[in-house]
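First up is the structure itself, then whatever we jot down about it.
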Amino acid sequence: QLQASGGGLVQAGESLRLSCVASGRAFSVYNMGWFRQAPGKEREFVSVISGSGGTTFTTNSVKGRFTISRDNAKNTLYLQMNNLKPEDTAVYYCATYREGNILAKRNREDAKKYEYWGQGTLVTVSS
């Protein structure tokens, strides 16, 4: 089970940190990702991190502003979002990646390759 939190209403240029707490499984075994879905749009890949936390990939549109990380001792995944823009407004979801590694770009950006999903947390950025 995944529980995402940390969303809210902020102004452009501000920051938020999303959290995703996992329960019931060996958290460090799983590669984990963040997706987002804006109103009327498809779910979009944001970032992914390996089980150890040593490898990450982030989509170009947020690279340099968003940072994915994890604390395996706390069973928690994070997404630090800085310099937020109105186009970042979306529901953000955390999910477990079902593949063994995150090196294949096509797979890691495909929502169908993710197995368990959190309930989502809404981020709204006003201009």
Exercise. Can you name the nearest heavy-atom pair linking T89 to V125, along with the distance?
Worked result: OG1-N, 2.9 Å

For this session: Provide the closest heavy-atom pair for Q37 versus K41 in the form atom of the first, atom of the second, distance.
Result: NE2-O, 3.0 Å

Exercise. What distance do F35 atom CZ and L79 atom CG have between them, rounded to the nearest 0.5 Å?
Worked result: 12.5 Å

Exercise. So do M81 and V123 actually touch side chain to side chain, heavy atoms under 4.5 Å?
Worked result: yes

Exercise. So, for R70 and N31, which heavy atoms are closest and what is the spacing to 0.1 Å?
Worked result: NH1-CA, 4.2 Å

For this session: For the residue pair Y78 and L18, establish whether any side-chain heavy-atom pair is separated by less than 4.5 Å.
Result: no

For this session: Please check if any side-chain donor atom of S15 sits under 3.5 Å from a side-chain acceptor atom of N82, or the reverse.
Result: yes

Exercise. Does a side-chain heavy-atom distance below 4.5 Å link L77 with F27?
Worked result: yes

For this session: Check step by step if side chain to side chain contact (heavy atoms under 4.5 Å, CB included) holds for L16 and L84.
Result: CA-CA 8 Å; L16 281 174; L84 282 160; 4.1 Å; yes

Exercise. Does a side-chain heavy-atom distance below 4.5 Å link E44 with S61?
Worked result: yes

Exercise. Any side-chain heavy atom of V62 within less than 4.5 Å of one from V46?
Worked result: yes

For this session: Would you mind reporting whether L103 and F57 have side-chain heavy atoms less than 4.5 Å apart?
Result: yes

Exercise. Does the side chain to side chain contact (heavy atoms under 4.5 Å, CB included) test come out yes or no for R65 and K85, once each step is laid out?
Worked result: CA-CA 10 Å; R65 300 189 296 121; K85 303 176 179 181; 3.8 Å; yes

Exercise. Do the non-hydrogen side-chain atoms of T55 and I102 ever get within less than 4.5 Å of each other?
Worked result: yes

Exercise. Which pairs pass ring pair (Phe, Tyr, Trp, His ring centres under 6.0 Å) with one or both residues in residues 85-104, sequence neighbours excluded?
Worked result: Y97-Y114

Seminar exercise, completed: Between S47 and I68 the two heavy atoms that sit nearest each other are OG-CG2, 3.1 Å

Exercise. Between CD of E42 and CZ of R36, what distance do you get to the nearest 0.5 Å?
Worked result: 14.0 Å

Exercise. Does V48 share a hydrophobic cluster with V91, counting links as ILVMFWY side-chain heavy atoms below 4.5 Å and allowing steps through other members?
Worked result: yes

Problem set entry | Close side-chain approach of T96 and M32, heavy atoms under 4.5 Å | yes

For this session: Could I get the full list of ring pair (Phe, Tyr, Trp, His ring centres under 6.0 Å) partners for F66, not counting sequence neighbours?
Result: none

Exercise. Does any N or O in the side chain of E99 come within less than 3.5 Å of the main-chain N or O of K113, such that one atom is a donor and the other an acceptor?
Worked result: no

Exercise. Of the non-hydrogen atoms in A38 and A90, which two are nearest, and what is the gap between them?
Worked result: N-CB, 3.7 Å

For this session: Taking the six-membered ring of F45 (Phe, Tyr or Trp), confirm whether the NZ or CZ of R108 is under 6.0 Å from its centre and within 45° of its axis.
Result: no

Problem set entry | Closest non-hydrogen atom pair, T76 against K74 | OG1-O, 2.8 Å

Exercise. Quick one: CG on N107 to CZ on R98, what's the gap to the nearest 0.5 Å?
Worked result: 11.0 Å

Exercise. Under the 3.5 angstrom rule, does the side chain of E109 hit a backbone N or O of R106 as a donor-acceptor pair?
Worked result: no

